[in-house]
**Student:** 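One structure is given below, represented as structure tokens, and several questions about it will come after.
Atoms within a ligand are numbered from 1 in the order they appear, just like the ligands themselves.
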Amino acid sequence: MKKILWPALLLILTFCQEKVAPPAPVLPVPDAKQIAWQELEYYGFVHFNMNTFSDREWGFGDEKPEMFNPTDLQPRQWAQVAAEAGMKGLIITAKHHDGFVLWPSAYTEHSIKNSPWKDGKGDLIKELAEACKEYGLKFGIYYSPWDRNHPDYGKPEYITYMRNQLTELLSNYGDIFEVWFDGANGGDGYYGGANEARKVDKLTYYDWPNTYKLVRELQPGAMLFSDGGPDVRWVGNEHGFAYETTWSNLMRDSVYAGMPEYPEKYASGQENGTHWVPAEADVSIRPGWYYHKYEDHKVRSLEQLLEIYYKSIGRNSSLLINFPVDTRGLIHENDVEAILKFGEKVKEDFAVNLAAQASVSADEERGAGYEAENIQDENYESYWTIPDGGKTGEITIDFGRETTFNRLLIQEYTPLGQRVKAFVLEKESGETWEKIAEGTTVGHKRILRFPDVTATKVRVRFTDGKDIPVISEIGIYNAPKLLLPPSYSRATTGDVSLSAPDEGLEIYYTVDGSEPSVASQQYSEPFQIEQASTLQAISIDPATGKKSESLRIDVDLAKSKWVGSTEKSAKAIDENAGSYFTSENNILTVDLGESVSLKGFTYLPMQGRYPSGFITNFAFEVSENGTSWKQVASGEFSNIVNSPIEQTIRFDAVNAHFIRLKATKTADGNPATFAEVGVLTK
Ligand code: FUL
């Protein structure tokens, strides 16, 4: 009896001794719903609402429900595309700034119940919720607090209205994974016919604590999004990029939705932030959030989408890519093609984890259960860490033979807090170690890209942190190279230059809108395009015959004869997006040098890091003699502050020898700035 008991007892004793306690968390840490949410990483946005039919980015609120009239509305197509593209959920604009709602709300007539779609009997929120379920996607709601339709906006009554609507949305459509409150609010609007500007105190008006309480009661599992959380925060820009250093920690009590200076001061998070409020990068697959036919060929290229992926998910942020569903009610074919290609390429980049088969060791281990091998088991729950006390540590990965790679992926075990402040990847080179790449924060996921490296042994050194490193995964990958299209520039003379992304590649192009091939014109030197045309160009590797995606640019009149009314204004018509003209009287006047038939104009706002003088409201005038002027368009450049993209305004054809773009209002009240102004003649 004794003989059997003793060894068993010894075993138990050893086991007890070796079981080391896990590290204490470094605060703040995510809660359970945030941990589950961060696993989603990638999900989709759908901007489909009244603006789709009014061809606007922001509706004024005076649109008629009859305008909402899709011809082939298929939420199942949206869900199918999203699922095939690898997305984990969809968030729909249930109500945008114009106040029109996509469900038969009992609290307003400004709703699909008064639209021709399904004779007013449809419920789009319900249909999409069901489609998401069918395709295994989570379902989320975007609800704009700003409402340019509602007569009571700005008064306490509107808050009751908003809560009534939220109650409908959060009670009747099953589980909601994210509730998205937009930060843009307060300003001009229809407001039930008042047609005035209404300002609200963004901090106090919505009584957020009680609105959040309502959401929590109705949907305890939902993540609450706004500029500053409380559960997930805005990344601070609309091009989908997080930051080299991105903390999930945020000084949450200092921020609120729509506050000025949020992007510069808070969007990247803070090392000593008091709350866990991770970043979400939102970006549209086209320049605008809503569908505009003129953007059918401006869908982001594979290269741009990959850039977004690596700068969002690869920088400790989730990624929310928007589909501007078209007037039929479908995700347009071009967008479908782009998102599926992107999904495929991401899979391809991370197809084989070279670290998974390698032999892995660490300079230190905390004890049983915290071994170095945990970083290669592709199980987020297991992690490698070291004894308390230090802040640094290193993992060596030995491939056993020469291996080529160009990506490093690291994941911290965030339930114990975000810790790493600096790390470096090195390769063994003879007696020494040579630096390949380095980074600062890690968080849920960090990916570094670098040119191909070949090595047998590499190591990741965590060189600084808030505490000991706690690392779930380290992956090494060899992403296949993407053949990029040529880059393009155009001089005011109309001379177009193309340049290949790499040496040894050939360029072929067309100017009639057709798809280029080796049978098209081969590029050798700059050529002229004087009139409105569509330029398409591809790079081809003559060694393999492989070709890039096609670059597609709609060019219009050359600016060779154009003269600005002042010397400085030349910067607004120099075909250089990087230069800009500041106009003290808020006007840009241009002599086109001849009379032309115009069908519209374009305005590119200043592109600098610290912009000023963005035009938000404009008037556009034309003249044949430079003295008598006729206004042909006026209106609003909506959303230009958050998304400073080229604005396109079209009107009925008119002859003009002179044009004048007037800012009737700028975003910050400063003199208007113009990076580039162009005309549309086609
Ligand atoms: C912004 C809005 O103003 C845009 O229209 C869009 O909905 C974007 C996602 O958020 O703040």
**Student:** Determine the sole option in Pro287, Ser284, Pro324 for which the side-chain contact (heavy atoms from CB on, under 4.5 Å) test with Glu295 is passed.
**Tutor:** Pro287

**Student:** Hey, what's the ring geometry for His47 with Trp289, parallel, tilted or perpendicular (30° and 60° as the breaks)?
**Tutor:** tilted

**Student:** For Tyr142, take its heavy atoms, then give the atoms of ligand 1 lying under 4.0 Å from any of them.
**Tutor:** 7 (O)

**Student:** Could you check atom 11 (O) of ligand 1 against the protein and tell me its nearest heavy-atom contact, residue, atom and distance included?
**Tutor:** Asp182 OD1, 2.7 Å

**Student:** Phe45 heavy atoms, cut-off 4.0 Å: which ligand 1 atoms fall inside?
**Tutor:** 9 (C)

**Student:** Using a 3.5 Å distance criterion without hydrogens, assess whether the side chain of Tyr143 forms a donor-acceptor pair with backbone atoms of Leu166.
**Tutor:** no

**Student:** Under 4.0 Å, heavy-atom basis, I'd like to know which part of Tyr290 is in contact with ligand 1: side chain, backbone, both or neither.
**Tutor:** neither

**Student:** Keeping Asp62 on the side-chain end and Tyr190 on the backbone end, is there a donor-acceptor pair under 3.5 Å?
**Tutor:** no

**Student:** Would you please classify the geometry between the His239 ring and the Phe241 ring as parallel, tilted or perpendicular, with 30° and 60° separating the classes?
**Tutor:** perpendicular

**Student:** Do Asp72 and Gln77 have side-chain atoms, one donor and one acceptor, less than 3.5 Å apart?
**Tutor:** no

**Student:** Under a 4.0 Å heavy-atom limit, does Asn642 contact ligand 1 with its side chain, its backbone, both, or neither?
**Tutor:** side chain

**Student:** Within the 4.0 Å heavy-atom shell around Glu238, which atoms of ligand 1 are there?
**Tutor:** 1 (C), 8 (C), 10 (O), 11 (O)

**Student:** Can an N or O of Trp180 be found at a distance shorter than 3.5 Å from an N or O of ligand 1?
**Tutor:** no

**Student:** Around atom 7 (O) of ligand 1, find the nearest protein heavy atom and jot down its residue, atom name and distance.
**Tutor:** His47 NE2, 2.7 Å

**Student:** Give a yes-or-no answer on whether the side chains of Glu41 and His444 include a donor-acceptor pair shorter than 3.5 Å.
**Tutor:** yes

**Student:** What is the nearest protein non-hydrogen atom to atom 4 (C) of ligand 1, stated with its residue, atom name and distance?
**Tutor:** Asn639 ND2, 3.6 Å

**Student:** Students should be able to answer this: which protein heavy-atom is nearest to atom 5 (O) of ligand 1, and at what distance?
**Tutor:** His96 NE2, 3.0 Å

**Student:** Under 4.0 Å from a heavy atom of His97: which atoms of ligand 1 are those, numbered in the order shown and with their elements?
**Tutor:** 2 (C), 3 (O)

**Student:** Flag yes if more than 12 heavy atoms outside Tyr161 fall under 6.0 Å of its OH atom; otherwise flag no.
**Tutor:** yes

**Student:** Would Trp58 count as being in polar contact with ligand 1, using the rule that some N or O on each side must be under 3.5 angstrom apart?
**Tutor:** yes

